[in-house]
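Every chain is numbered from 1, with letters handed out A, B, ... down the list of sequences. Just the heavy atoms: all of them, side chains too, but no hydrogens, waters or symmetry mates, feed the values below.
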Amino acid sequence: MRLRRTYWCGDISLKNVGTNVVLAGWVQGRRDHGGLLFIDLRDRTGLIQLVFNYEHQEDLFRAAEKLRAEYVLAVSGAVIGRSPETINLKLATGEIEIRVDEIEVLNMAQVPPFYIEDAIDTDENLRLRYRYLDLRRPEMQEMLRLRHRLLMAARKCLDERGFWEIETPMLTRSTPEGARDYLVPSRISPGCFYALPQSPQLFKQLLMVAGAERYFQIARCFRDEDLRADRQPEFTQIDMELSFCVREDLIAEVEALLARIYREVLGRELHTPLPVISYAEAMERFGSDKPDTRFGMELQDISGIARECAFKVFNQAVSAGGAVKGINVKGCGYFSRKELDDLTALVQSWGTGGLAWMIVTEEGFKTPIAKFFTNAQLNSLRRYMAGEDGDLLLFIADAPDAAQKILGQLRLHLARKLDLIAEGEDHFLWVLDFPLFAFSPEENRYTSNHHPFTAPRDEDIPLLRTEPQKVRSLAYDLVCNGVEIAGGSIRIHGRDLQETIFRLLGLTQEELEEKFGFLLEAFKYGAPPHGGIAFGLDRLLMLMSKRKSIRDVIPFPKTAAGTCLLTGAPAPVSPHQLQELHIKNFGTQ
RNA sequence: GGAGCUGUGGUGUAGUCGGUUAACAUAUCGGCCUGUCAAGCCGGAGAUCGCGGGUUCGAGCCCCGUCAGCUCCGCCA
């Protein structure tokens, strides 16, 4: 390489007119007019136009004629201002161009399999197979830049607030609970396996015992579960933990970090403190523990009226300990019978018996179940549901949590269908006071809602012995637009309480010692009160860049089947490799 | 594990009721062209229609299977 770059393409402007510059980059395109030839040169900062004139320099012109898309060049030339009629306002550097006096072709290139430009509509297979070309496209370069800026802003902010960036092992041990582990066989210990971390959970708690006080890590995490549009088998967390803190301290730290990120990366102010809602209230009002609060259509409880009415589905549900919940779909009284039947089928596919509907009209209620209600009941229904003429009221009768959850899903479904969601704004909120446990009927035991190290609220500790399902935890989720962005908790720091929880989770003393003995032992040596949280960095980026797929914010993502189309991973290995690892291949049956 | 959608020159699409030579745009290659920036004009090459089987006189189109990608359910402390 003879010519050494002196400027980036996108940094040149009218200020540089009259100077000589050396640029380097890729050929974006070529416009050949015979004796006059234009080349757009691209680097990661943008495009700039190179001009070659046959009359000006014949040899150079002949060389330029041979250039093709994606050839790699260094050029030297003079920055000249364009004449007014040739200025291109669509191009950031459209007021100037480079009159080239020397070209160095650093590499030739095959014709790429798709266009290197934004808004391409090509098969994602191809984009992933040739990811290095896909990443050349400006919108993908912008993603890389945004990701970098987010990481830098987070690191700077956490550093300034006294957090130490500390690495924890990637080769660790498999633990029960949680997602399926990715396993790594040990060569030196035959028959034994490492697990890749689902999160650095245990290590960051040990760091608190170790007196690190404030820890963070940009941590890669691995979970061997099926993929989704917002889920990859390996993903990145901004992981934090701090000692001597209460829940409110954690929340304040996170809000400071998030505000800093929004300011530095997007130039936007985040108004803190962020709204807070309890898990119970979120479930009651939105039927979700990650409510999308960008629109209304909140759930109402009409169990009181349902109990009194003559409609068996309603009154029996309530007397069996269930609930009747409703939503008001404003102005949708025009829904056809078919649409209502489709909605009914939808909620049935989600596992409830059916859907009751009422349309509020000037003459009263239009509904197949009118005869089961007195006028007084219908009037209080209308009042409860804030029903106005033309509204559609939908009701589900079921066990309280099922009715909430399914109606919450229906609320989301309708909001998307009716385009009620204001895309411009981000609605952050904290969800607090999650139940510590969920009961698993399949396993006939309690499981941790968050993870087994989550502390219960002090005042609920007595309930551990009597009604564990009622114990509220010191866990907190940060939710935005119906997506969980971050989640964490205050941890248990006492050995006795931790053992009680493990036992409630059905872990035997042996399992407990074997799997978590090292943590319980650490807790004997003066563990400080501590708590932490982890951000889903990829999801945060999706939110900040308004992308619909997590693959669009990860440089080298995997497909829905967990494969990498670029490298071909996962792939078979040689028998020799397996032998060294003491692994026998049983084939694919 | 289950459900749905998609697969046709390099790329994006069209392809009727199953009918003979698979169309269009763009990219690409060659020629012309001195102010383009989605350059323009002329010409050329480029597809066994994801793969395998079946039905049929005949399949891009219908049927079965399979592969790949995407979306959703289960799963994801």
Peer 1: Would you please name every residue forming a side chain to side chain contact (heavy atoms under 4.5 Å, CB included) with A:Arg220, sequence neighbours left out?
Peer 2: A:Met170, A:Phe222, A:Glu234, A:Thr236

Peer 1: How would you list, by chain and number, every residue that makes a side-chain hydrogen bond (donor to acceptor under 3.5 Å, both in side chains) with A:Thr86, sequence neighbours excluded?
Peer 2: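 Expected list: A:Ser83.
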
Peer 1: Would you mind telling me which residue lines up with the more 5' stretch of RNA chain B, A:Thr122 or A:Gly94, judged by nearest nucleotide?
Peer 2: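 Comparing both residues, the 5'-ward one is A:Thr122.
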
Peer 1: Which value, in whole Å, describes the distance between the C1' atoms of nucleotides B:rG58 and B:rG69?
Peer 2: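 Going atom to atom, C1' in each nucleotide, I get 32 Å.
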
Peer 1: Produce a footprint string for nucleotides 2-9 of chain B: one letter per nucleotide, 5' end first; B if the base is under 4.0 Å from any protein heavy atom, S if only the sugar-phosphate is, - if neither.
Peer 2: --------

Peer 1: Rounded to the nearest 0.5 Å, what's the gap from CE on A:Met240 to SG on A:Cys245? Could you check?
Peer 2: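 Between A:Met240 CE and A:Cys245 SG, I get 9.5 Å after rounding to 0.5 Å.
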
Peer 1: Considering only residues two or more places apart or on different chains, which pairs with a residue in residues 43-61 of chain A satisfy salt bridge (Lys or Arg N to Asp or Glu O under 4.0 Å)?
Peer 2: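 As it turns out, the salt bridge (Lys or Arg N to Asp or Glu O under 4.0 Å) pairs with a partner in residues 43-61 of chain A, which skip direct neighbours, are A:Arg5-A:Asp43.
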
Peer 1: Can you tabulate the close N/O pairs, meaning under 3.5 Å, that link protein atoms to atoms of nucleotides 39-48 of chain B?
Peer 2:
{"residue": "B:rA39", "atom": "N6", "partner": "A:Asp32", "partner atom": "O", "Å": "2.5"}

Peer 1: Mind listing the residues from residues 47-75 of chain A sitting with a heavy atom below 4.0 Å of RNA chain B? Number order is fine.
Peer 2: A:Gln49, A:Asn53, A:Glu55, A:Arg68

Peer 1: Quick one: side chain to side chain contact (heavy atoms under 4.5 Å, CB included) partners of A:Pro456, sequence neighbours excluded?
Peer 2: A:Leu436, A:Ile461, A:Leu464, A:Val471, A:Ile492, A:Leu497

Peer 1: With sequence neighbours left out, what residues match A:Phe437 under ring-ring contact (aromatic ring centres under 6.0 Å, His included)?
Peer 2: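 For A:Phe437, the residues satisfying ring-ring contact (aromatic ring centres under 6.0 Å, His included) (neighbours in sequence not counted) are A:Tyr446.
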
Peer 1: Looking at residues at least two apart in the chain, or sitting in another chain, which of them share a ring-ring contact (aromatic ring centres under 6.0 Å, His included) with A:Phe516?
Peer 2: A:Phe453, A:Phe502

Peer 1: Who pairs with A:Arg503 by side chain to side chain contact (heavy atoms under 4.5 Å, CB included), at least two apart in sequence or on another chain?
Peer 2: A:Glu499, A:Gln509

Peer 1: Hey, can you pull the residues of residues 494-514 of chain A with a non-hydrogen atom under 4.0 angstrom from RNA chain B?
Peer 2: none

Peer 1: Find the distance A:Ile120:CD1 to B:rA38:P and express it as a whole number of Å.
Peer 2: 18 Å

Peer 1: Going by salt bridge (Lys or Arg N to Asp or Glu O under 4.0 Å), name the pairs with one or both residues in residues 60-74 of chain A, residues two or more places apart or in two chains.
Peer 2: A:Arg42-A:Glu70, A:Arg62-A:Glu65, A:Glu70-A:Arg136

